Amino acid sequence: MPTSTPTPVSSPWWRTAVIYQVYPRSFADASGDGVGDLPGITSRLKHLADLGVDAVWLSPFYRSPQNDAGYDVSDYCDVDPLFGTLDDADALIARAHELGLRIIVDVVPNHSSSEHPWFQEALAAGPGSPERDRYIFREGRGADGSEPPNNWLSMFGGPAWTRITEADGRPGPWYLHLFDATQPDFDWTNPWVADRFDEVLRFWFDRGADGFRIDVAHGLAKAPSLPDFEVDPRRTGGEWAPDDHPYWGRAEVHPIWRRWRAIADSYDGDRALVAEAWVTPLSKLARWVRRDELHQAFNFGYLMTAWDAVELRAVIDESLAAFEGVGAPSTWVLSNHDTIRHPFRLSVAEQLPHGIGIGPKSADRPDESAALARGRAATLVMLALPGSAYLYQGEELGLPEAIDIPDEARQDPTWWRTPDGVYGRDGCRVPLPWEADAPAFGFSLTGKSWLPQPASWTKYAASAQAGVAGSTLEMYRSALRLRREHGLGQARITWNESIEDVLDFTVNDVRVIVNMSDTEVPLPRTEVLLASASPTGTLAHDTTVWLRA
Ligand code: GLC
């Protein structure tokens, strides 16, 4: 059954692009302080060109006190000295373009840092001032206002409200922060806020950015009365997005995206906007990518799907139907800087529903090589699918989630905001191993690393895998080359009949078979284009193969 329409050859790049996420503090450190930086990224862009990706998305590198690893921005139009300078950003964009890579930068419009001058001015200007109206300040409940205005919880644990003290020393109102207390939420009903973000978009588009990844693109609009909302404590921030949710996935966000689309369209070169929107079902998420809104949205429904043949086929069909219904490409993603690296995530039973890190003091740790085999099989499913795929740095090396980080080295605010110590996201943010024998595995010349790298990562280093047949790095390179050569990104997918726990589909002239059963399954006798583990006449458990159809 055909479930997607071929894209015309002239279609814009982002419809089929493979986009690689760089997490700047963990990619490559040129300054030697143990934190990755922009010159480090520039020096390693060739690795990404050789890998065969189309574009690079950079997580935030803007000025920030770094309370949420840069997602707490104190100046949207400058580079944090930790990462370099604006000149370094220009050099990075120029080098990427030279190599034929597009650059997508992150924009964080739901909240700023509490150190942003806009928030500092709001505090200083006092009650009733226009400056206060940039953010969401409300009086507390109870006789003396000492209770938060409502019961909303922060995504990182604890209340979503913090009370301020006015300049004269009296306790003041509370401000809303759906994330950390140092990340106050903007009031997007105030046109002043929208005008400032127009300027931010233009600033980076003018510098050559090819697009934006929009942080928390489901959260900017809040129900005006800020009603209480009964949350499931395991979900901290609440259900993803029933239509009447007071802050996730509300209809009032759509005019913002239409305004941003018009700005993107006013530039040349197919600039693209991608939503980070944790919205379910996918048919609802598709509203974010209607023709006059954003270009793409991360498919977290796909990311959160367990390693199960029935569920995987269902989410692929659901995705293709939902996005096609609004004329957008589907996207596919297995890993990012907020979720457990996919070889591990697909191999553990327990994870937080919103993906933020591994559960409290998890004892649930999979066998590393079995997890890698499954992760590689999952990658070869994803990279065969029509649309656009997102890779997260280090997945091309097969990195596992780093679980054994000493408590005192942990950095994610989730770690100290949750009473039972949820490990949070540090395990997927450990700096990359580039060279097997170098200090800090070549991440920094001085051997420093802001999170410790496990000693066992020698075998994952890029230098240990480059040119080695069958390595994860070579598997990714081959997959991206074949994906392009066989036009898989703009193909139509047809399901073939298969036995239980096996997926079998054809995309253009490539047949993909995925064995998720416990036993070996027979393989048709035809040319093997690529396999996640060498087939020996049969296909082993947790293996995906690409055959010439
Ligand atoms: C997004 C980011 C995450 C960040 C949060 C708050 O979910 O991906 O890393 O902590 O927004 O900005």
Side-chain angles (χ1 to χ4, degrees), residues 19 21-27 57-74 76 80 104-116 119 135 152-158 160 176-186 188 197 200 212-220 235-238 240-241 247-249 253 274-280 285 288 296-300 303-304 331 333-341 351-358 390 392-393 410-418 422-430 451:
I19 301 172
Q21 180 188 358
V22 164
Y23 193 64
R25 56 174 44 235
S26 301
F27 191 71
W57 149 37
L58 301 164
S59 279
F61 49 81
Y62 315 111
R63 275 194 189 265
S64 161
Q66 304 293 329
N67 289 320
D68 183 21
Y71 282 95
D72 48 322
V73 179
S74 57
Y76 291 88
D80 196 282
I104 293 178
V105 295
D106 223 301
V107 60
V108 189
N110 180 66
H111 45 266
S112 69
S113 160
S114 53
E115 289 184 24
H116 197 295
F119 189 73
Y135 294 88
W152 297 0
L153 294 179
S154 153
M155 284 296 291
F156 298 149
L176 176 69
H177 52 87
L178 291 179
F179 293 87
D180 191 56
T182 60
Q183 293 168 296
D185 281 48
F186 286 109
W188 270 88
F197 277 92
V200 172
F212 285 91
R213 175 267 190 191
I214 303 164
D215 192 61
V216 194
H218 56 311
L220 277 55
R235 289 188 168 245
T236 56
W240 285 117
Y247 47 92
W248 294 142
V253 296
V274 53
E276 186 225 21
W278 288 85
V279 173
T280 54
L285 178 62
W288 270 246
Q296 290 187 345
F298 293 133
N299 186 344
F300 292 128
L303 183 146
M304 298 304 285
T331 64
V333 57
L334 286 168
S335 283
N336 65 27
H337 68 293
D338 289 329
T339 53
I340 303 165
R341 283 191 176 277
Q351 60 172 306
L352 295 184
H354 51 64
I356 289 190
I358 205 152
Y390 280 81
Y392 174 53
Q393 66 177 41
R410 293 192 180 276
Q411 309 264 341
D412 187 352
T414 306
W415 171 242
W416 56 84
R417 286 189 67 95
T418 48
V422 173
Y423 277 170
R425 301 161 295 177
D426 292 327
C428 65
R429 297 177 173 181
V430 172
L451 281 173

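Order of appearance sets the numbers: ligands from 1, and atoms from 1 within every ligand. It should be emphasised that the depicted structure is a prediction, and the values quoted were computed from it without experimental measurement.
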Check for me whether Met155 has a heavy atom closer than 4.0 Å to any atom of ligand 1. no
Can you list the ligand 1 atoms lying under 4.0 Å from a non-hydrogen atom of Val216? 11 (O)
Aromatic rings Tyr23 and His337: how do their planes relate, parallel, tilted or perpendicular, breaks at 30° and 60°? parallel
Which of the numbered atoms in ligand 1 are below 4.0 angstrom from a heavy atom of Asp68? 4 (C), 5 (C), 6 (C), 10 (O), 12 (O)
Can you sort out the partners of Val274 under side-chain contact (heavy atoms from CB on, under 4.5 Å), two or more places apart, ordered by chain and number? Arg213, Gln296, Phe298, Tyr390
Any N/O of Arg425 closer than 3.5 Å to an N/O of ligand 1? yes
Without swapping roles, check the side chain of Ser26 against the backbone of Arg429 for a donor-acceptor pair under 3.5 Å. yes
Proximity of Phe156 to ligand 1 by residue part, where a heavy atom lies under 4.0 Å: side chain
Against ligand 1, does Arg213 come closer than 4.0 Å with any heavy atom? yes
Centroid-centroid distance, Tyr135 to His116, less than 6.0 Å: no
Taking Arg425's backbone N and O only, do any of them form a donor-acceptor pair with Asp412's side chain (distance below 3.5 Å, no angle check)? yes
Taking 4.0 angstrom as the limit and counting only heavy atoms of His337, give me the atoms of ligand 1 inside it, by number and element. 2 (C), 3 (C), 8 (O), 9 (O)
Atoms in ligand 1 with a heavy atom of Arg429 nearer than 4.0 Å: 9 (O)
Expected output: side-chain Asp72 to main-chain Ser64 donor-acceptor under 3.5 Å: no
At less than 4.0 angstrom from any non-hydrogen atom of His111, what atoms of ligand 1 do you find? 6 (C), 12 (O)
Using distance alone, with no hydrogens and no angle criterion, decide if Ser59 and Gln21 have a side-chain donor and acceptor under 3.5 Å apart. yes
